[in-house]
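The structure under discussion appears below in the form of structure tokens.
When a residue number appears, it is its place in the shown sequence, counting from 1.
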Amino acid sequence: CATGGVPEVVAHNDNGLLVPPDDPAALAEAIFRLVADESLRNRFGRRSRERYLSQFTQSVMAGQIEAFYQRIA
């Protein structure tokens, strides 16, 4: 669902599918698309791992926090 912090982690059609909130038809379509397309699931899995390693590891997050504090200090 494209709400809250989800779009910070999931980029639509890059490493996942985002659907509007309160749209069960869109959710069902996204689920069926994933069930039917193994290569898409594999691509999303690879891209999600790449995104995690580049943006969300402990060392990356610590570096971002440190850089933020240096900017505001």
Side-chain angles (χ1 to χ4, degrees):
C1 194
T3 61
V6 174
E8 293 178 29
V9 178
V10 177
H12 185 67
N13 279 326
D14 178 58
N15 68 327
L17 299 173
L18 295 174
V19 297
D22 300 321
D23 189 342
L27 178 59
E29 183 179 325
I31 291 170
F32 285 125
R33 183 174 168 200
L34 290 169
V35 167
D37 193 339
E38 181 180 8
S39 66
L40 181 64
R41 293 191 311 269
N42 290 332
R43 181 171 62 91
F44 284 171
R46 282 191 308 276
R47 295 292 296 147
S48 291
R49 178 162 174 74
E50 292 167 5
R51 190 173 181 102
Y52 162 75
L53 292 172
S54 69
Q55 297 180 18
F56 298 106
T57 62
Q58 185 177 7
S59 61
V60 170
M61 297 291 287
Q64 291 173 348
I65 291 168
E66 181 181 358
F68 170 75
Y69 283 125
Q70 287 179 357
R71 281 194 310 271
I72 64 171

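- Residues R51 and N15 share a closest heavy-atom pair of CD-ND2, 3.4 Å.
- Scanning all heavy atoms of the two residues, the minimum distance from R43 to D14 falls at NH1-O, 3.7 Å.
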Acceptor/donor pairs from residues 66-73 side chains to any protein atom, 3.5 angstrom cut, sequence neighbours excluded:
from, atom 1, to, atom 2, distance (Å)
E66, OE2, Q70, NE2, 3.3

Side-chain donor-acceptor distances from residues 20-32 under 3.5 Å, at least two apart:
from, atom 1, to, atom 2, distance (Å)
D23, OD1, A25, N, 3.4
D23, OD1, A26, N, 3.1

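- Using a 4.5 Å heavy-atom threshold, the side chains of L34 and F44 count as touching.
- Cluster annotation: V60 is not connected to L53 through the hydrophobic network of ILVMFWY side chains, with a link wherever side-chain heavy atoms come within less than 4.5 Å.
- Residues L18 and V6 share a closest heavy-atom pair of CD2-CG1, 3.7 Å.
- Not counting sequence neighbours, Q58 has no partner by the side-chain hydrogen bond (donor to acceptor under 3.5 Å, both in side chains) test.
- The two residues V35 and R41 have their closest heavy-atom pair at O-NH1, 3.0 Å.
- At most 12 heavy atoms of other shown residues, nucleotides or ligands fall within 6.0 angstrom of atom CZ in R49.
- Rounding to the nearest 0.5 Å places CD of Q55 at 9.5 Å from CE of M61.
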